[in-house]
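Report on the structure given below.
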Amino acid sequence: NMVMMYAPIGVFGLMAYTVSMHGLGVLLPLVFSICIGFTDYTANNSPPRVLLNWVGLDNFVDLIALGQYARTFGTILIWTIIWMVCSSVFPYALGILLAVLLNNPKIKCKKIFKLIYILPWAIPGYISILVLQSMFDTGYGLINQFLGLFGVENIPWLTQTTPARCALILVSIWTGFSYPMMLSENIIKNISKEIIEAATLDGASPTRIFFSITFPLLMFSISPIFIMTLAGAFNNFNTIYMLTGGGPSNYNLQGNAGNTDTIITWLFKMTVNQQLYKYGS
């Protein structure tokens, strides 16, 4: 009886201890990282050789408004927003389009097409990025070789700003359309056929049915996930760092920033390469 009485207390106590330790494991590094942003911590000014000084909001003012990094921050922020929108909207647009096509009764061999469309999502992202990096190579890449068959000269995909940014968006579409396609297809299947039939009897065209019935119901269901996708795109590190490394270089930008760097990759460079921990934090 004593064991049965105190066993639940012990279990709940162990659960509470686990949760508290997990919370500390997440909270302490976060608080420590935030605090560094209010100090003068750099490679040349680091403990235990010197004590850190609290500088208040000076780092934020230097980085965002008045310092030598302010122009760089503004330039990179604009590209980050463009990248966030394009790398989220285009994969979802393609995924929804393919989902609508797969739900068309006139399409045959749907399972084969669905398997092909899922493959980019099934392959680990870093492997896809490494393969696509070689395909975008200016000299021997398969993409330039294919375009050369139509008389198109070699495009410097990874060495000039506009082609590099276009390559990043194309890669984000390739690696990101499968999930919204599968999600959209399941949602479209669950839309009541009676509503579609009623709209058809009223004389609505397939295009009108899509934009007046299918698309609104679809967006109502996937909008929360799409918002999470936008947040993930803002913090997308792997695609940019592995495909272009933030390049091509731009000597007018500070902090070793390149023309395809986003906020997250630029701050990573400032932290790891230049050891400007106060700005990186």
Side-chain angles (χ1 to χ4, degrees), residues 83 85-137 140-152 155 157-158 166-200 204-230 232-233 236 238-240 242-243:
W83 158 254
V85 173
C86 292
S87 64
S88 300
V89 171
F90 290 158
Y92 268 78
L94 179 60
I96 292 172
L97 175 62
L98 293 175
V100 172
L101 293 176
L102 287 175
N103 277 277
N104 191 323
K106 297 181 180 180
I107 300 297
K108 306 298 182 182
C109 305
K110 294 182 180 179
K111 292 183 178 180
I112 296 177
F113 286 114
K114 192 183 298 184
L115 176 63
I116 295 173
Y117 296 151
I118 290 174
L119 285 178
W121 190 48
I123 299 173
Y126 69 92
I127 294 178
S128 298
I129 293 171
L130 290 176
V131 172
L132 290 168
Q133 184 185 45
S134 65
M135 292 178 64
F136 277 110
D137 185 86
Y140 60 86
L142 291 178
I143 294 177
N144 275 344
Q145 291 185 21
F146 175 76
L147 294 175
L149 298 176
F150 301 94
V152 179
I155 300 174
W157 289 106
L158 304 180
C166 292
L168 283 170
I169 294 173
L170 290 173
V171 170
S172 70
I173 295 173
W174 171 257
T175 57
F177 79 89
S178 298
Y179 178 71
M181 181 207 70
M182 292 186 295
L183 185 65
S184 301
E185 186 200 9
N186 290 326
I187 294 172
I188 292 173
K189 281 183 178 179
N190 292 323
I191 295 176
S192 175
K193 294 182 179 179
E194 296 177 355
I195 300 176
I196 306 297
E197 292 175 355
T200 304
S205 63
T207 304
R208 180 65 183 274
I209 291 174
F210 173 76
F211 285 106
S212 298
I213 299 176
T214 305
F215 187 71
L217 293 174
L218 188 62
M219 291 307 299
F220 179 78
S221 300
I222 68 174
S223 56
I225 301 175
F226 178 72
I227 293 172
M228 295 175 62
T229 302
L230 284 172
N236 190 323
N238 291 341
T239 302
I240 293 174
M242 295 181 66
L243 189 68

Inset, instruction - Determine whether P120 and T175 make a side-chain contact, defined as any pair of heavy atoms from C-beta on separated by less than 4.5 Å. - result: no

Inset, instruction - Specify the closest pair of heavy atoms between L158 and A167, including all atoms of both residues, with the distance to one decimal. - result: CD2-CB, 4.5 Å

Legend entry - Separation between CE of M181 and CG of L183, rounded to the nearest 0.5 Å: 10.5 Å

Inset, instruction - Drop me the distance from E194's CD to I191's CD1, to the nearest 0.5 angstrom. - result: 13.5 Å

Inset, instruction - Hey, can you tell me if F177 and W174 have their rings parallel, tilted or perpendicular (30° and 60° cut-offs)? - result: tilted

Legend entry - Closest non-hydrogen atom pair between P216 and S212, with its separation: CG-O, 3.6 Å

Inset, instruction - Could you tell me the separation between the CG atom of L130 and the CE atom of M135, rounded to the nearest 0.5 Å? - result: 13.0 Å

Legend entry - Contacts of type side chain to side chain donor-acceptor pair (under 3.5 Å), residue W157, not counting sequence neighbours: N144

Legend entry - Atom CE of M219: over 12 foreign heavy atoms under 6.0 Å: yes

Legend entry - Contacts of type side chain to side chain donor-acceptor pair (under 3.5 Å), residue K114, not counting sequence neighbours: E185

Inset, instruction - With rounding to the nearest 0.5 Å, note down the distance linking OG in S184 to CG in L97. - result: 10.5 Å

Inset, instruction - Could you tell me whether a side-chain N or O of W83 sits under 3.5 Å from a main-chain N or O of A233, the two making a donor and an acceptor? - result: yes

Inset, instruction - Please report the shortest heavy-atom distance between I173 and P91, naming the atom on each side. - result: CA-CG, 3.8 Å

Inset, instruction - Taking D137 for its side chain and Q133 for its backbone only, find out whether a donor-acceptor pair lies under 3.5 Å. - result: no

Legend entry - Residue pair I96 / I188, side-chain heavy-atom distance below 4.5 Å: no

Legend entry - Considering all heavy atoms, the nearest T214-I196 contact: OG1-CD1, 4.3 Å

Legend entry - Which atom of N103 lies closest to which atom of K110, heavy atoms considered: C-NZ, 4.0 Å

Inset, instruction - Just grab all the salt bridge (Lys or Arg N to Asp or Glu O under 4.0 Å) pairs involving residues 91-106, residues at least two apart or on different chains. - result: none

Inset, instruction - Go through the steps for F226 and V89 under the test side-chain contact (heavy atoms from CB on, under 4.5 Å), then give the verdict. - result: CA-CA 9 Å; F226 178 72; V89 171; 3.9 Å; yes

Legend entry - Heavy-atom closest pair, residues L101 and I107: O-CG1, 3.1 Å

Legend entry - Within-4.5 Å side-chain heavy-atom neighbours: I127 and P124: yes

Inset, instruction - Quick one: list whatever passes side chain to side chain donor-acceptor pair (under 3.5 Å) with N236, sequence neighbours left out. - result: T239

Inset, instruction - Tell me, yes or no, whether the heavy-atom count around L119 atom CG, taken from other residues, nucleotides or ligands under 6.0 Å, exceeds 12. - result: yes

Inset, instruction - Give a yes or no on whether F90 atom CZ has more than 12 heavy-atom contacts from other residues, nucleotides or ligands under 6.0 Å away. - result: no

Legend entry - Rounded distance [0.5 Å steps], CG in L217 versus OG in S192: 10.0 Å

Inset, instruction - Hey, could you give me each pair passing ring pair (Phe, Tyr, Trp, His ring centres under 6.0 Å) that has a residue in residues 104-128? Not counting sequence neighbours. - result: W121-Y179

Inset, instruction - Could you grab the distance from atom CG of N186 to atom CD1 of I222, nearest 0.5 Å is fine? - result: 12.0 Å

Inset, instruction - Not counting sequence neighbours, which residues clear side chain to side chain donor-acceptor pair (under 3.5 Å) with T200? List them please. - result: none

Legend entry - Backbone of V131 reached by a side-chain donor or acceptor of S134 within 3.5 Å: yes

Legend entry - Non-hydrogen side-chain atoms of F136 and I155 separated by less than 4.5 Å: no

